[in-house]
There are 2 protein chains.
Amino acid sequence: MSRHQKRVTLEEVARVAGVSRATVSRVVNGVTSVDENIRQTVERAISTTGYLPNLAARALVTRRADAIALVLPSENRIVGDPFFTRIVRGVSTVLRPLGVHLVLMMTGADTGEQVIADLRQGRLDGVILVHTYQADPLPGLLVRNRQPVVLSARPAEPIPITYVDVNQTAGGALAAEHLVARGCRRVATITGSLDRPPGQDRLAGFRDAMAESGQPGVVSVEGDFTRESGAAAMERLITEHPDVDGVFIASDLMAEGALPVLRRHGRAVPDDIAVVGFDDSSAALSCDPPLTTVRQPVEDMAAEMARQLLRQVEQVDTPVRSVIFEPSLVVRQSA
Amino acid sequence: MSRHQKRVTLEEVARVAGVSRATVSRVVNGVTSVDENIRQTVERAISTTGYLPNLAARALVTRRADAIALVLPSENRIVGDPFFTRIVRGVSTVLRPLGVHLVLMMTGADTGEQVIADLRQGRLDGVILVHTYQADPLPGLLVRNRQPVVLSARPAEPIPITYVDVNQTAGGALAAEHLVARGCRRVATITGSLDRPPGQDRLAGFRDAMAESGQPGVVSVEGDFTRESGAAAMERLITEHPDVDGVFIASDLMAEGALPVLRRHGRAVPDDIAVVGFDDSSAALSCDPPLTTVRQPVEDMAAEMARQLLRQVEQVDTPVRSVIFEPSLVVRQSA
DNA sequence: CAGTTACGCGAGAGCGCTCTCACCCGTCAC
DNA sequence: GTGACGGGTGAGAGCGCTCTCGCGTAACTG
């Protein structure tokens, strides 16, 4: 087990078991056409020698790295967003049992070339791209090169690419319905970045559902998903529209920034203003009061991304597919 | 570049350049003893063919995976803690330029075997262990097997292992000095788990510094680093010692739990009671008011961990070493 | 009982790279 | 002019694995 101990190879195991290298390889890889007695002999030899296959050698011939990359935006906004931890956890549940490594990359100047090079050099089998920015050329590049890739949300440009998303529109509607059911009459919303699909769709879903409930043209203030932008947007909202009694904030993180602003303005939550967030991140729990929020099944979605990616790795030219998960409302004390 | 394009090998480049495989290999690996003219010919051949070395093949002979693992606790307390993101970022800054992959693992039932297997199978060159739990056998196991490993904090058991830590004692002292300078006269502390080095050291540093400032025997209540324990400890503290005017809470997360308790008891922060946290996690920012806290230079520490690990990979039996970073005080509104 | 089939195993050829070692040739000393 | 020397190159032997292909044996058919 030490680094210096002579390494056990297939050859060695074969010698101990008195069979050929090929047969040991079959046993190791679970090929069924091996005689039961021989299989047992080999397995005994494997455990007495403490054999473990050298994966570099295997990778050389199978052309599989058994590793995929998870590319995360390195922007500050993600610092403190548990979203990414949940992604990692979800992806891991699928990868771990298969022995596939999860290689983490934060986007930087050269992430694109880096990823492409790794793919070509056989160090990576595929890529999961999380929250790519609007003009990121990487998704298109990967698709064009027919490399296995999955996106964490609907791409901004309509390119043929597999992605997993939550039904953002339905999420917005969920928030609207809850606020209406609570009896809020002057409802507003703090949106996410409107240059991105999630920001757009949450707003659209919310606005349409409000309109259907007889409150068309709700007030909206744009944020950018960060805590600070949530605070700033709320400041503006409460100043310009002091009479709002319910607000849908397109991310928990922004809500976390917004709540102290309400308190400072002497507004009680939920009695004066009801607040509904989005994400059900841990931020929702650390809010005071705990946040009623729209939950995305992030772990499940991440696991699905991993599965979709592995399908592509397994078989080239797997048809493009999109999987949409349904959000749900988690009712706590803020609304 | 496509997955199906015939791959360019050293052989191919050698043919194009009219030299041997060995010479191309020399050029690729920057061996200096190559004639300048030949080097240029080869480099031209490399770029016209679009050659990229197959890293699996290289790994097979060099016995280097060019990948290291970052093992993170999967406990909930890390979810939402930007600490994690900062670690990744710091480690990446060192790894990225060297082309070393960062493989992420969340601790689970079989993490230990997994890591050891990966190390033995040549998929991993070394491991960075972040926040191992008290009785984790993994550090000892790795050390015994002389595998490259670095810990993110002083190990609970005194085993010969390289680690990077912050000067916890100095951090506690920093908090004490700030409270004293603010004019607090009846100071207390909510500690972390006292069975762990950070909990012990922060308390010791705080207590000693208070004593030096003329306030020996400060009141302390033990927590366990969780938000809930922070709330419970504060409840006890405020009940048993209603006259405290300053408190050092050994983690931001506990402080986050404690602040609403103070509010409920009608205490204004910082006017009635000044509060200093520890970590400068995002929790510190989401507190109301934002938390004055002791900051660890996490990115720098993470980068140092990566460097220490690579040293060990580079050269077996590198002497064990510990690197201690100095904390700093981030003053916000709570104290 | 001969001829066919099926099945399980072993031999061996790579996968693409690194690295040792021998060789060649130009330079220098004697 | 011969021998020693040394820098620079190429041949070739692996690294440890997978996988095709062919052969031997056992089972089955007519």
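- Distance CD (A:Gln121) to C1' (C:dC17): 13 Å, rounded to an integer number of Å.
- Side-chain proximity of A:Asn54 to the nucleotides C:dT18, D:dC17, D:dT9 is greatest for D:dC17.
- The distance from atom CD1 of B:Ile38 to atom P of D:dG10 is 6 Å, rounded to the nearest whole Å.
- Looking at B:Arg26, its side chain comes within 3.5 Å of the base of D:dG10 through a donor and an acceptor atom.
- Taking a cutoff of 4.0 Å between a charged side-chain nitrogen and a carboxylate oxygen, A:Glu12 and A:Arg15 qualify as a salt bridge.
- Distance CD (B:Glu36) to C1' (D:dT9): 16 Å, rounded to an integer number of Å.
- Salt-bridge annotation for B:Arg311 and B:Glu314: absent, with no side-chain N of the basic residue lying under 4.0 Å from a carboxylate O of the acidic one.
- A donor-acceptor pair under 3.5 Å is absent between the side-chain atoms of B:Ser25 and the main chain of B:Arg21, judged by distance alone.
- Of the candidates D:dG16, C:dG8, C:dC17, the closest approach to any side-chain atom of A:Ser33 belongs to C:dG8.
- At least one side-chain nitrogen or oxygen of A:Ser25 sits closer than 4.0 Å to the OP1 or OP2 atom of D:dT18.
- When rounded to the nearest whole Å, the span between CD of B:Glu12 and P of C:dC17 equals 11 Å.
- Listed nucleotides C:dG8, D:dC17, C:dC17 differ in distance to B:Ala57; the shortest reach to its side chain belongs to C:dC17.
- Which of C:dG10, D:dC17, D:dG8 sits closest to the side chain of A:Tyr51 comes down to D:dC17.
- Side-chain atoms of A:Pro53 lie closest to D:dC17 of the nucleotides D:dT9, D:dC17, C:dC19.
- Between C:dC17, D:dG16, D:dG10, one nucleotide has an atom nearer to the side chain of B:Val19 than all others, and that is D:dG10.
- Checking A:Thr32 against A:Arg21, the closest nucleotide of DNA chain C that is more toward the 5' end is the one next to A:Thr32.
- Distance from the side chain of A:Thr62 is smallest to D:dT18 among D:dG14, C:dC9, D:dT18.
- Without hydrogens or angle criteria, B:Asp35 side chain to B:Asn37 main chain gives a donor-acceptor distance under 3.5 Å.
- Residue A:Gln40 places its CD atom among more than 12 non-hydrogen atoms of other residues, nucleotides or ligands, all under 6.0 Å distant.
- The neighbour count for A:Glu326 CD, taken as heavy atoms of other residues, nucleotides or ligands under 6.0 Å away, is above 12.
- Positionally, the nearest nucleotide of DNA chain D for B:Asp35 lies more toward the 5' end than for the other of A:Thr9 and B:Asp35.
- Nucleotide C:dA13 holds its C1' atom 13 Å from the CG atom of A:Leu60, rounded to whole Å.
- In this structure, B:Leu52 atom CG and C:dG16 atom P are separated by 14 Å, rounded to whole Å.
- For D:dG10, one of the phosphate oxygens OP1 or OP2 lies less than 4.0 angstrom from a side-chain nitrogen or oxygen of B:Ser20.
- Distances were taken from every side-chain heavy atom of A:Arg63 (C-beta onward) to each of D:dG8, D:dA11, C:dC15; the shortest belongs to C:dC15.
- The distance from atom CG of A:Asp66 to atom C1' of D:dC17 is 13 Å, rounded to the nearest whole Å.
- Residue B:Leu55 is classed as having no contact, given no heavy-atom separation below 4.0 Å to the nucleic acid.
- If you take CD of A:Glu11 and P of C:dG10, they are 12 Å apart, rounded to a whole angstrom.
- Close to C:dC15, at under 4.0 Å from its OP1 or OP2, lies no side-chain N or O of A:Arg58.
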